[in-house]
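Note that this is a predicted model, so its numbers are computed, not measured.
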Amino acid sequence: MLVVVGIVIFFLGLLFSIAWHELGHLAAAKLFGIKVTQYMVGFGRTLWSRKKGDTEYGVKLIPFGGYIRMIGMFPPKKDEKFGRTASSSPWRTMIEDARQMSAEEITAEDEHRQFYQRSPWKRIIVMLAGPVMNLILAVSIFTAILMGHGLATPTTTVDVVSACVLPANAENTQVCPPGAPPSPAAAAGFLPGDRILEFNGRPYASWDQLQLAIRSSGGSVPVVVERDGHRVALQPTLMQNEMPKLNSTSEFEKVGFLGLTPTSALVKQDFGGVVKTIGGFVNLTVQKVVELPQRVPDLVSAIFGGQRDLDSPVGIVGASRLGGEVLSSDHIGVDDRIILMFNLLAGVNLSLFVFNMLPILPLDGGHVAGALWESIRRGFAKLVRRPDPGPFDTARLMPLAYAVSLIFIAYSLLVLVADIVNPVTLN
């Protein structure tokens with residue numbers, strides 16, 4: 001039952017994130033006098049709507065996104081107010097169809113309220129407002145958790161001593177197969193609860209520094225631990241083992257291996273710690289978004305029974321399922337479950353921000369790029385005293401935008417199928 005409740009709660013959180021995103025676009029557009037005819041959460045058939053002023057607010061059947069409709073997204077062709085011209089070219093027809101759809105809702109009294117008529121900096125603000133709302137929500141959640149609850153930070157105290165050395169791609173890390181060599185830590189006599197004071201003659205106060213020292217070492221290394229209040233000298237012989245790279249689960253490298261897992265403690269972060277941690281989240285999210293095309297073979301493999309990585313892309317179905325799994329988990333307390341669900345929601349919003357900032361249509365970043373190019377082009381024309389070239393005609397990019405949309409839809413369907421037949425699980 002808790003799984004269903006968790007799925008529903010997290011799903012509603014995702015819908016709120018979508019509505020929050022579109023609210024940013026809506027507020028900025030209205031601030032600059034642009035007429036907004038629709039504010040919708042979802043796509044497809046309208047389930048509920050209500051009109052207030054110029055805008056129809058509603059919820060649609062397919063909850064995989066949202067949109068606002070602004071009049072005059074594309075400028076008319078030169079010497080036209082709005083409308084279309086005939087053409088035999090399929091690409092030109094596509095462009096003119098997009099221009100016509102944009103012009104359909106324009107009336108004489110609304111002619112001055114079109115999106116393209118606003119200066120580039122105003123259009124940039126309108127298009128940035130949506131992703132920035134997701135960023136604000138993500139940063140707010142992360143900040144509240146990091147300052148109020150704390151960040152699980154590895155310590156120099158040993159939690160688990162690996163019994164043996166296993167390959168990095170081992171599916172079962174709980175059982176040592178026959179013939180597996182003992183880990184250097186187990187062979188040297190490390191015990192859970194040991195606090196590492198010195199490694200190779202140097203003291204270490206943080207696990208991050210100690211981990212780097214272990215990974216860069218090899219052979220026999222002196223280690224001093226505190227055990228039951230006494231200093232104990234140990235002499236492990238480190239070996240080279242293939243391990244995941246730091247901050248990556250898909251790339252591997254050969255490094256020094258000891259065979260220890262540290263304990264973690266909650267440490268409340270100050271402002272500097274919050275900035276550093278969120279900055280790391282942003283960098284990691286950018287990396288994962290850039291890697292999205294590379295994950296297609298893994299997703300196809302997962303659909304046909306292959307292993308689904310923990311950092312595999314997930315859609316709204318997979319993310320909601322993870323929320324249900326978190327809430328129903330009996331391995332952590334209720335407080336930790338709630339914190340983890342909010343962390344997941346913040347991560348989704350951070351991903352929405354990064355993804356929407358890609359400078360390609362139909363994403364928000366594509367419209368921002370078009371407005372920036374118009375500003376540069378007009379500024380250059382003014383500098384060299386040439387005639388104003390006018391607004392940049394983003395309608396000409398609609399064939400590319402449609403192609404990109406088809407790719408996005410295909411990728412989303414691929415992720416959806418993978419989420420259903422082979423979902424990511426925290427277990």
Side-chain angles (χ1 to χ4, degrees), residues 13-14 17-18 20-22 24-25 64-66 124-125 127-146 151-153 208 212 244-253 269 271-299 308-316 318-319 322 340 342-373 400-401 404-405 407-412 414-415 418-419 424 426:
L14 293 176
S17 300
I18 294 169
W20 182 249
H21 174 105
E22 299 304 334
H25 291 311
F64 290 166
I124 289 172
I125 290 176
M127 301 316 298
L128 284 179
V132 167
M133 291 291 273
N134 291 123
L135 180 63
I136 290 172
L137 184 57
V139 170
S140 299
I141 294 174
F142 281 139
T143 300
I145 292 173
L146 292 170
L151 177 68
T153 306
D208 290 342
L212 291 175
K245 288 184 177 181
L246 297 178
N247 299 323
S248 175
T249 59
S250 57
E251 297 180 279
F252 299 88
E253 61 181 350
Q269 304 294 300
F271 179 76
V274 169
V275 171
K276 181 180 178 180
T277 302
I278 294 179
F281 292 161
V282 172
N283 288 335
L284 183 59
T285 304
V286 170
Q287 176 187 336
K288 295 304 178 184
V289 169
V290 171
E291 292 176 355
L292 283 176
Q294 305 172 25
R295 309 309 294 269
V296 171
D298 294 336
L299 288 168
R308 186 89 185 268
D309 294 332
L310 185 61
D311 63 346
S312 175
V314 296
I316 192 169
L322 286 174
L340 186 50
F342 273 107
N343 265 320
L344 286 172
L345 185 62
V348 169
N349 276 272
L350 191 56
S351 298
L352 287 173
F353 166 74
V354 173
F355 184 74
N356 276 284
M357 290 307 297
L358 293 176
I360 50 177
L361 289 173
L363 299 177
D364 297 327
H367 291 283
V368 171
L372 285 174
W373 173 242
L400 175 62
V404 172
S405 296
I407 293 173
F408 286 165
I409 292 171
Y411 198 99
S412 299
L414 183 65
V415 172
D419 285 342
V424 173
L426 298 179

Ignoring hydrogens, what is the shortest heavy-atom contact between [X] and [Y]? Give both atom names and the distance.
X      : Y      : answer
Gly318 : Asp419 : N-OD2, 3.2 Å
Leu14  : Ala319 : CD1-CB, 4.1 Å
Ala129 : His25  : CB-N, 4.0 Å
Ser17  : Leu345 : OG-CD1, 3.6 Å
Tyr411 : Leu299 : OH-CD1, 3.9 Å
Val424 : Leu322 : O-CD2, 3.4 Å

### Task
Check the pair Phe408, Ile360 against side chain to side chain contact (heavy atoms under 4.5 Å, CB included), reporting the backbone distance first and the verdict last.
CA-CA 12 Å; Phe408 286 165; Ile360 50 177; 4.0 Å; yes
Taking the side chain as everything from C-beta on, heavy atoms only, tell me whether [X] gets closer than 4.5 Å to [Y].
X      : Y      : answer
Val282 : Phe353 : no
Arg308 : Val314 : yes
Val404 : Pro362 : yes
Gln287 : Leu284 : yes
Leu135 : Met357 : no
Leu128 : Asp364 : no
Asp311 : Arg295 : yes
Phe142 : Val274 : no

Going from [atom1] on [X] to [atom2] on [Y], what distance comes out if it is rounded to the nearest 0.5 angstrom?
X      : Y      : atom1 : atom2 : answer
Asp298 : Asp309 : CG    : CG    : 6.0 Å
Ile278 : Thr143 : CD1   : OG1   : 4.0 Å
Ile407 : Ser412 : CD1   : OG    : 11.5 Å
Leu146 : Lys276 : CG    : NZ    : 13.0 Å
Leu350 : Leu137 : CG    : CG    : 10.5 Å
Ile136 : Asn349 : CD1   : CG    : 11.0 Å

### Task
Kindly check if the number of other-residue, nucleotide or ligand heavy atoms within 6.0 Å of CZ (Phe281) is above 12?
yes
